[in-house]
Amino acid sequence: MNARDAEAFAACVARDYDSTQPAHPARAFRGRNQVLENWIAVFAGVPDFSAELLTYAVRDDVEFAEWHWHGTHLDGSAFEMRGTTVFGVRDDLVQWGRLYMEPVDVDGDDIQAMVRDTYKPPD
């Protein structure tokens with residue numbers, strides 16, 4: 001990712017890679033070609049894209065990672081995402097992934113407002 005080489009990045013995933021984003025089910029897709037298309041767009045839209053691997057763990061053939069992705073959009077605005085990924089790896093290729101990456105919301109609600117709005121009691 002930090003080399004911003006979409007082809008090299010896509011070569012790390014299986015041809016039939018299965019991607020899901022559980023918090024955004026409509027974003028699911030299959031295939032290395034879609035990975036390539038996605039990351040070409042990422043690197044074009046955020047030319048100084050940088051990924052920091054904050055921590056990771058491996059259990060058998062599953063890899064868990066916490067990320068901080070950041071950079072600058074072409075219009076000069078900040079790009080920043082944080083979250084985790086869970087990948088299934090076999091034969092040195094990522095076979096499947098579950099992504100929990102979200103834009104950083106620096107101006108969002110505080111915890112009290114989030115709890116109130118998310119878990120509000122029935123009327």
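- In this structure, the separation between CZ on Phe87 and CD on Gln95 is 12.0 Å, given to the nearest 0.5 Å.
- For the atom pair CG (Asn33) and CZ (Arg15), the distance works out to 8.0 Å, reported to the nearest 0.5 Å.
- Asp5 places a side-chain N or O within donor-acceptor distance of the main-chain N or O of Glu7, the cut-off being under 3.5 Å.
- When hydrophobic residues (I, L, V, M, F, W, Y) are linked wherever their side-chain heavy atoms come within less than 4.5 Å, the members clustered with Val106 are Val104.
- Put simply, the side chain of Thr118 gets close to the backbone of Met114: a donor and an acceptor are under 3.5 Å apart.
- Side chains of Thr84 and Phe64 form no contact here, defined as non-hydrogen atoms less than 4.5 Å apart.
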| query | Is there a side chain to side chain contact (heavy atoms under 4.5 Å, CB included) between Glu102 and His24 once you walk through the steps? | reply | CA-CA 10 Å; Glu102 295 291 331; His24 306 280; 2.8 Å; yes

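- Placement of Trp96 and Leu36 in two distinct hydrophobic clusters is found when ILVMFWY residues are connected by side-chain heavy-atom separations under 4.5 Å, directly or transitively.
- Separation of atoms CZ (Arg116) and CD1 (Ile111) is listed at 11.5 Å; rounding is to 0.5 Å.
- The residues Asp61 and Arg90 are annotated as not salt-bridged, no charged nitrogen and carboxylate oxygen being separated by less than 4.0 angstrom.
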When the side chains of residues 42-55 are checked against the rest of the protein, which donor-acceptor pairs come out under 3.5 Å, sequence neighbours left out?
| unit_1 | atom_1 | unit_2 | atom_2 | d |
| --- | --- | --- | --- | --- |
| Asp48 | OD1 | Thr72 | N | 2.6 |
| Asp48 | OD2 | Thr72 | OG1 | 3.2 |
| Glu52 | OE2 | His68 | ND1 | 3.3 |
| Glu52 | OE2 | His70 | NE2 | 2.8 |

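- Clustering ILVMFWY residues whenever any of their side-chain heavy atoms sit less than 4.5 angstrom apart, transitively, puts Val89 in the very cluster that holds Trp67.
- Relative ring orientation between Trp69 and Trp39 is described as perpendicular, the plane-to-plane angle rising above 60° on a 0-90° scale split at 30° and 60°.
- When only modelled atom types and interatomic distance are considered, Gln34 and Asn38 share a side-chain donor-acceptor pair under 3.5 Å.
- A chain of hydrophobic side-chain contacts below 4.5 Å, direct or via other Ile, Leu, Val, Met, Phe, Trp or Tyr residues, connects Val58 to Leu99.
- Sparse packing is recorded around OH of Tyr56, with 12 or fewer heavy atoms of other residues, nucleotides or ligands lying under 6.0 Å away.
- No path of Ile, Leu, Val, Met, Phe, Trp and Tyr side chains, each step under 4.5 Å between heavy atoms, connects Met81 with Val86, placing them in separate hydrophobic clusters.
- Closest of all the heavy-atom pairs between Pro25 and Ala23 is CD-C, 3.7 Å.
- In terms of hydrophobic clustering, with Ile, Leu, Val, Met, Phe, Trp and Tyr side chains grouped at heavy-atom distances under 4.5 Å, Phe29 and Leu93 are assigned to different clusters.
- Atom CZ of Arg82 sits about 9.0 Å away from atom CE of Met101, to the nearest 0.5 Å.
- In this structure, Arg30 contributes its side chain and Asp16 its backbone to a donor-acceptor pair below 3.5 Å.
- Residue pairs meeting the side-chain hydrogen bond (donor to acceptor under 3.5 Å, both in side chains) criterion with at least one member in residues 105-115, sequence neighbours excluded, do not occur.
- Side-chain atoms of Arg32 come within 3.5 Å of backbone atoms of Val13 as a donor-acceptor pair (strictly under, hydrogens ignored).
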| request: Could you walk me through whether Tyr100 and Thr85 pass side chain to side chain contact (heavy atoms under 4.5 Å, CB included), step by step? | output: CA-CA 6 Å; Tyr100 301 90; Thr85 56; over 6 Å; no

